[in-house]
Visitor: 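Handing you a structure now.
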Amino acid sequence: MLGGEDFRERISRVPVSLGSSGFDPFGMDPDWVTTTLPAVAFLHRKYFRTEVFGVENLPQGRVLLVANHSGQIPLDGVLIGATLFMDVDPPRFCRAMVEKWSQTLPFVSTFFARMGQVVGNPENAERLLQNEEALLVFPEGVRGISKTFDRRYQLEDFGLGFMRLALATKTPIVPVAVIGGEEQYISIGNASKIAKTLRLPSLPIIPQLFFPGGQLPLPTRYRLHFGEAMTFEGDSDDEDGVVGEKVAVVKATLQSMVNRGLKERKAVFW
Amino acid sequence: MIRQASLIPPRAPSEEDAVLITGICGRLGRRLARVLHREGPVVGVDRRPFTDRPKDIRHEQLDMRRKKLKDVFRSYPIKAVVHLGVMHNPRASSADHHSWNVAGFQKLLEYVAQFNVPKLVVLSSANVYGPSPDNPQFLREDAPLLGGARFSEIRDLIEVDMLAQGFFWKHPQTETVILRPAHILGAVRNAPSNFLRLPNVPTLMGYDPMIQVLHEADVVQALALALKKEVRGIYNLAGPEPVPLSRLLDLLGRRSMPLPYTALKMILKRMWSLRLTNFPPPELDHIRYVCMVDDQRARADLGYTNRYPLAETVASVDQER
């Protein structure tokens, strides 16, 4: 096992509710997770050499992780998941919300489900938080992950859904600043017309893909900064303006964490 | 249309009154009748004959769309109507399907209102929600009924469900219960059981959705619970915990035949038009996307618990009828 870690032992300590059939209600299968973990551990420990700050800020029980989205493919989610599983004690299982579009893809849909990833809709999110799970959301959505290089580390508009969810379920929000993702694939533009005809969420133009070996993400060093838990109070059905103010607080906090993280970073690749 | 004014003055329901079961000759109808006739009189309505019928069960062989249905209400004092007489024959013409399912049900509702029947239980289905890539993992009773968007044959069932909902609000003196069970398995001849009975079960390559199944006896149990006093409203029903489709096939020891979606769809369309299969092509979505329900309400309010564990539920499709 990579790094001498015993994933089976760790996974047995994760607080998830498995039925007698060995699956959780969302279709997660610990066997699939254990099989995939060495590859995830390789990305986390060797390839991106993730540095983690502030995991002690994670509260017990339900928590909503709010992170900036970057990097064209959602490796940021993978690494946050790896952190929660490998660098937190007791280990936690991180649920991310996937695009409903992914459910129409063969193999991908099954893989996501077995890995415990859940279709993004409010009902699913609420159910997970009520089960005291850790839920990762990227309020920027696709706009965030497909940013071009000139807009790197600039947060796009946040959706309001995550705040309504936190208010409805009284869940603390932990902002997570992800540094290093924006440089893994350098996108110089977006072929949005082609993307639309192909029904893709976005189609970034990435020159490195045309070079041998450039299909792999560049081995930048990831740095994950977990902020202090923020709790909000109010009515989850408030008007957009009222909820929007609270969202703006989270966005400002996260942007300043990102800026600080960038300032502290000495080099992109090490 | 349903007449507002009822002709019969309300009278105190007595224990001697009968339970009327429509579609009694189906698998579920016969099982339910066998449970209920021990406690009180049971009257059945179906256009099929009732073979090996217990002596104390009255059976009226008639078409629900006919006036004769009213005579049944006239001749027996009825304390409850259980509506199971929904046609699910994908081969029937859509006009026939519609007039049987919707016009027949409207007639039934009219008499329930007119004769002041204190209880109405309608067996709908979780299929009214429909499988979809953006479904919540567990649909609650207030989820929209989108099952007809892709598959027109479901529209009748949605209409029946909606009519029952309308009746619920318009006639508060009748306690109306709508049950929406997940895939029912058993010796019953329905699409999910027939599908699992195939010697080689075709599946969609790369798709393995979570599936809820429940044993036909558990549905009968829930129907009986819905007849209890004071119970009204819509209830989802699920059986044991959900598992991926592939696990169901493993449990049955069936060989699965994974085919790419487009290929299987094409084959199925061709076979359907040649009448070589009774699975309409749009039903492929059921083995592609989730359509599962949250049955917490039924468990809390009806006191429903599934008695059959997963292995037995799945094995029941191979039982002799």
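Here is how names work: the chains are called A, B, and so on, in the same order as the sequence lines, proteins then strands, and each is numbered from 1.
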Visitor: Could you tell me if the side chain of P244(B) sits less than 4.5 Å from the side chain of R114(A), heavy atoms only?
Guide: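 The answer is yes; the side chains approach within 4.5 Å.
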
Visitor: Just verifying a value: how many Å separate M28(A) CE and M210(B) CE, rounded to the nearest 0.5 Å?
Guide: 10.5 Å

Visitor: Report the C-alpha separation of L139(B) and E123(A) in whole Å, then their side-chain angles, then the decisive distance to 0.1 Å, and conclude whether the side chain to side chain contact (heavy atoms under 4.5 Å, CB included) test is met.
Guide: CA-CA 8 Å; L139(B) 295 148; E123(A) 292 90 341; over 6 Å; no

Visitor: Sort Q137(B) into side chain, backbone, both or neither according to what part of it lies under 4.5 angstrom from a heavy atom of chain A.
Guide: both

Visitor: With a 4.5 Å cut-off on heavy-atom pairs, point out which of L251(B), D294(B), L204(B) contacts chain A the most.
Guide: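 Of the candidates given, the most pairs with chain A belong to D294(B).
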
Visitor: Report, as yes or no, whether the 6.0 Å neighbourhood of atom CD1 on I194(A) holds more than 12 heavy atoms from other residues, nucleotides or ligands.
Guide: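 Check fails, neighbour count at 12 or below.
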
Visitor: How many angstroms lie between CZ in F111(A) and CG in D208(B), if you round to the nearest 0.5 Å?
Guide: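 These two atoms lie 14.5 Å from each other.
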
Visitor: Got more than 12 heavy atoms from elsewhere within 6.0 Å of CZ, R199(A)?
Guide: no

Visitor: So which atom in N124(A) and which in N135(B) form the shortest heavy-atom distance, rounded to 0.1 Å?
Guide: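 Minimum heavy-atom separation between N124(A) and N135(B): ND2-O, 4.3 Å.
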
Visitor: Select one option (side chain, backbone, both, neither) describing which atoms of Y289(B) are under 4.5 Å from chain A's heavy atoms.
Guide: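 Y289(B) touches chain A through side-chain heavy atoms alone.
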
Visitor: Side chain of Y261(B), backbone of T104(A): donor and acceptor closer than 3.5 Å?
Guide: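 No; judged by distance alone, with no hydrogens or angles, the pair does not exist.
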
Visitor: Tell me, for F138(B) versus chain A, whether the close heavy atoms (under 4.5 Å) come from the side chain, the backbone, both or neither.
Guide: both

Visitor: Below 4.5 Å from any heavy atom of chain B, which atoms of D24(A) appear? Answer side chain, backbone, both or neither.
Guide: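 Only the backbone of D24(A) comes within 4.5 Å of chain B.
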
Visitor: So which atom in Q103(A) and which in P133(B) form the shortest heavy-atom distance, rounded to 0.1 Å?
Guide: CG-O, 3.5 Å

Visitor: I would like to know whether F23(A) and R247(B) meet side chain to side chain contact (heavy atoms under 4.5 Å, CB included); could you show each step before the answer?
Guide: CA-CA 10 Å; F23(A) 296 89; R247(B) 174 60 62 98; 3.5 Å; yes

Visitor: Rounded to the nearest 0.5 Å, what separation is found between the CG atom of L248(B) and the OG atom of S21(A)?
Guide: 10.0 Å

Visitor: Do you know the tightest heavy-atom contact between N121(A) and D134(B)?
Guide: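 So the minimum-distance heavy-atom pair works out to ND2-O, 3.2 Å.
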
Visitor: Looking at E233(A), I want to see if its CD is surrounded by more than 12 non-hydrogen atoms of other residues, nucleotides or ligands under 6.0 Å.
Guide: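 Not buried by this count: 12 neighbours or fewer within 6.0 Å.
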
